[in-house]
Enquirer: 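Shown below is the structure under consideration.
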Amino acid sequence: MNNTKERSNKLNELIEKNMNAKDSYEKAIEKVDSADIKNFFKSRAEERARFVKELRSEVWENKDIPENSGNIKGELHQNWMSLKSLFSSNDEEAMLQETVRIEKTSLKEYNEVISGHAMPSPLINTLKNQKSAIETAIRSAENFENIVS
């Protein structure tokens, strides 16, 4: 990623996706009965809000304007919409399965942004930390899924 505009565009895409993830997790909190799973979704929503804040700071440092909405296009948007429809069914196991699937898609996108692009070390560290948190979320969702199945 050689120029700051391209970098800002990639970061804005991650901002949008993280905003949608935060909104979906907040919706999930209302749809589950298990206090542990509610806390898991609450933690994920808070984590994604933190990701958005960190990424926005990076965009501002590029002297660009950060994304301010969660209206993403394409496959990930469809994935989050599928997850939102599952939330209306109150099926905890299905929600957790979909969470794992979608988080793996998110992980892939982080890997694509990180790999092969020249970026400042602090930004790489931020993205790697967020990626690591997503990996932890996947493992946690899989553990919850095993418990409720």
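As the structure is a computational prediction, the values presented were derived from the model and not from experiment.
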Enquirer: Looking only at heavy atoms, what is the nearest atom pair of Ile124 and Met119, with distance?
Expert: CD1-O, 3.4 Å
Enquirer: With a 4.0 Å cut-off, would you call Lys10 and Glu6 a salt bridge?
Expert: no
Enquirer: Under a 4.5 Å cut-off applied to non-hydrogen side-chain atoms, are Tyr25 and Thr99 in contact?
Expert: yes
Enquirer: Do Asp36 and Ile147 have side-chain heavy atoms sitting under 4.5 Å apart?
Expert: no
Enquirer: Ion pair present between Glu46 and Lys42, side-chain N to carboxylate O less than 4.0 angstrom?
Expert: yes
Enquirer: Answer yes or no: is there a side-chain heavy-atom contact under 4.5 Å between Phe51 and Ile15?
Expert: no
Enquirer: Considering all heavy atoms of both residues, which atom of Phe40 and which atom of Ser140 are nearest to each other, and what is their separation?
Expert: CE1-CB, 3.5 Å
Enquirer: Might you point out which heavy atoms bring Glu92 and Ser34 nearest each other, and give the distance in Å?
Expert: OE2-N, 3.0 Å
Enquirer: Look up atom CZ in Arg50 and atom OG in Ser43, then write down how far apart they are to the nearest 0.5 Å.
Expert: 11.0 Å
Enquirer: Listed by chain and number, what are the side chain to side chain donor-acceptor pair (under 3.5 Å) partners of Glu142, not counting sequence neighbours?
Expert: none
Enquirer: Side chains of Gln130 and Leu14: closer than 4.5 Å at any heavy-atom pair?
Expert: no
Enquirer: If the test is side chain to side chain contact (heavy atoms under 4.5 Å, CB included), which one of Glu54, Glu58, Arg56 qualifies with Leu11?
Expert: Glu58
Enquirer: Output the distance between atom CG (Leu107) and atom CD (Glu109), rounded to the nearest 0.5 Å.
Expert: 10.0 Å
Enquirer: Any side-chain heavy-atom pair from Arg48 and Met19 closer than 4.5 angstrom?
Expert: no
Enquirer: Could you work out, with side chain to side chain donor-acceptor pair (under 3.5 Å) as the rule, every residue matching Glu26, not counting sequence neighbours?
Expert: Lys22
Enquirer: Would a 4.5 Å heavy-atom cut-off, applied to side chains only, mark Lys17 and Ser106 as touching?
Expert: no
